[in-house]
Amino acid sequence: MKKIYFIIGTLAITLCTIVLCAFATNNDTKTPEVAASGQQTTTVSRIGGKVLVAYFSVPETDGVDASSGASRLVSDGKLQGNTEYVATVISEATGGDLFEIKTVHTYPGSHKALIDAAKKESDENARPALATHIKNLKEYDVVFVGFPNWWYDMPQPLYTFFDEYDFSGKTVVPFCTHGGSRFSDAIKTIREMEKDATVLDGYAIARDRVAGSKDGILNWLKKIGMTK
């Protein structure tokens, strides 16, 4: 009798094991699908493709220091906007072509006037006209796009930029400079505007750390597969 109970118990344990294994296998097969639909790609597939480094940067001119809101720095004796500096480092490390996103109108140089102008554009959901345009986008497989965080969002010229270009089939790599808000919802917005592009999570740098950010940028580029 005991032998019969033993056999029945063994069969029950074996059946439970089979069910549990099947459940685990089904979950494993679903994981890559979730990652793909959420665009959680963390590296770049770069096989002989060209790289473009597009950026929008407005260096302030009224001498505000970095700790209180400056958007500029001096590198090798050259005055650059924070985002421009980061774009230059990326361009030099990857061999990518630099492209500055410029608007038809000129933004104020003083800190207070600039943030007021940015707030007005944000409130109006403006689409500032661009003065520069990419003529050979089809040649690029990877497009870095850099900007400062203005009012917890991309500057409105970036909305014009993503409205103008279709990055389907390309890898878009955002980067931003910020005063503490990192990307806010910018990555989500870019993914919504460029549904057929692969949009990486990007790289955010606090404005008071930009001057010493080169090593961190280079390590990030290596991590995502853009440098050796």
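- The shortest non-hydrogen separation linking G179 to R207 is CA-NH1, 3.4 Å.
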Can you give each donor-acceptor pair under 3.5 Å made by side-chain atoms of residues 180-190, sequence neighbours left out, with the distance rounded to 0.1 Å?
unit_1	atom_1	unit_2	atom_2	d
S184	OG	N149	ND2	3.1
S184	OG	S181	O	3.4
T189	OG1	D185	O	3.1

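- Within the model, atoms CG of L218 and CD of E92 stand 9.5 Å from one another, a figure rounded to the nearest 0.5 Å.
- At a threshold of 4.5 Å between non-hydrogen side-chain atoms, the residues Y85 and S213 count as touching.
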Q: Check step by step if side-chain contact (heavy atoms from CB on, under 4.5 Å) holds for V86 and I217.
A: CA-CA 8 Å; V86 178; I217 296 169; 3.8 Å; yes
Q.
Please evaluate residues W150 and L158 with respect to the criterion side-chain contact (heavy atoms from CB on, under 4.5 Å), reporting the C-alpha separation (whole Å), side-chain torsions for both, the decisive distance (0.1 Å), and the verdict.
A. CA-CA 11 Å; W150 283 1; L158 269 296; over 6 Å; no
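- Not counting sequence neighbours, the partners of Y203 by the ring-ring contact (aromatic ring centres under 6.0 Å, His included) test are W220.
- Of the candidates D141, L200, V199, T171 forms a side chain to side chain contact (heavy atoms under 4.5 Å, CB included) with just one, namely L200.
- Two residues are said to be in side-chain contact when any heavy atoms from C-beta on lie closer than 4.5 Å; F99 and L137 fail this criterion.
- Residues P155 and E121 have side chains not in contact (no heavy-atom distance under 4.5 Å, counting atoms from C-beta outward).
- T83 is not listed as a side-chain neighbour of F56, based on a closest heavy-atom distance of 4.5 Å or more.
- Distance alone, capped at 3.5 Å, places no donor-acceptor pair between the S122 side chain and the A118 backbone.
- In this structure, the side chain of T94 engages the main chain of I90 through a donor-acceptor pair within 3.5 Å.
- Minimum heavy-atom separation, I115 to W151: O-NE1, 2.9 Å.
- Remark: K120 pairs with E124 by the salt bridge (charged side-chain N to carboxylate O under 4.0 Å, His left out) rule, at least two apart or across chains.
- A search for side-chain contact (heavy atoms from CB on, under 4.5 Å) contacts involving D166 returns S168, E194, not counting sequence neighbours.
- Considering every non-hydrogen atom in both A197 and V172, the closest pair reads CB-CG2, 4.1 Å.
- Going from atom NZ of K138 over to atom NZ of K50 covers 11.5 Å, rounded to the nearest 0.5 Å.
- In this structure a side-chain-to-backbone donor-acceptor pair under 3.5 Å is missing from T160 to A129.
- The side-chain contact (heavy atoms from CB on, under 4.5 Å) search around A117 returns P108, not counting sequence neighbours.
- Judged as a salt bridge (charged side-chain N to carboxylate O under 4.0 Å, His left out), and not counting sequence neighbours, E164 has no contacts.
- In this structure the side chain of I134 reaches within 4.5 angstrom of the side chain of F161, judged on heavy atoms.
- Counting only heavy atoms from C-beta outward, the side chains of M226 and V173 never approach each other to under 4.5 Å.
- With sequence neighbours left out, the ring-ring contact (aromatic ring centres under 6.0 Å, His included) criterion links Y159 to no other residue.
- Residues passing the ring-ring contact (aromatic ring centres under 6.0 Å, His included) test with F147: none are found, sequence neighbours excluded.
- Residues L221 and F144 have side chains in contact (heavy-atom distance under 4.5 Å, counting atoms from C-beta outward).
- Of all heavy-atom pairs between E84 and S57, the closest is N-OG, 3.4 Å.
- Residues L130 and T103 meet the side-chain proximity criterion, which asks for heavy atoms closer than 4.5 Å.
- Applying the side chain to side chain donor-acceptor pair (under 3.5 Å) criterion to D123, with sequence neighbours excluded, gives K119.
- Evaluation of the side-chain contact (heavy atoms from CB on, under 4.5 Å) rule for N125 yields R127, Q156 as partners, not counting sequence neighbours.
- Between atom CG of residue D116 and atom NE2 of residue H111 there is a gap of 9.0 Å, rounded to the nearest 0.5 Å.
- Residues satisfying the side-chain contact (heavy atoms from CB on, under 4.5 Å) criterion with E100, sequence neighbours excluded, are Y55, K102.
- For T177 (side chain) and I205 (main-chain N/O), no donor-acceptor pair under 3.5 Å exists by modelled atom type.
- Residue pairs meeting the ring pair (Phe, Tyr, Trp, His ring centres under 6.0 Å) criterion with at least one partner in residues 112-140, sequence neighbours excluded, do not occur; the list is empty.
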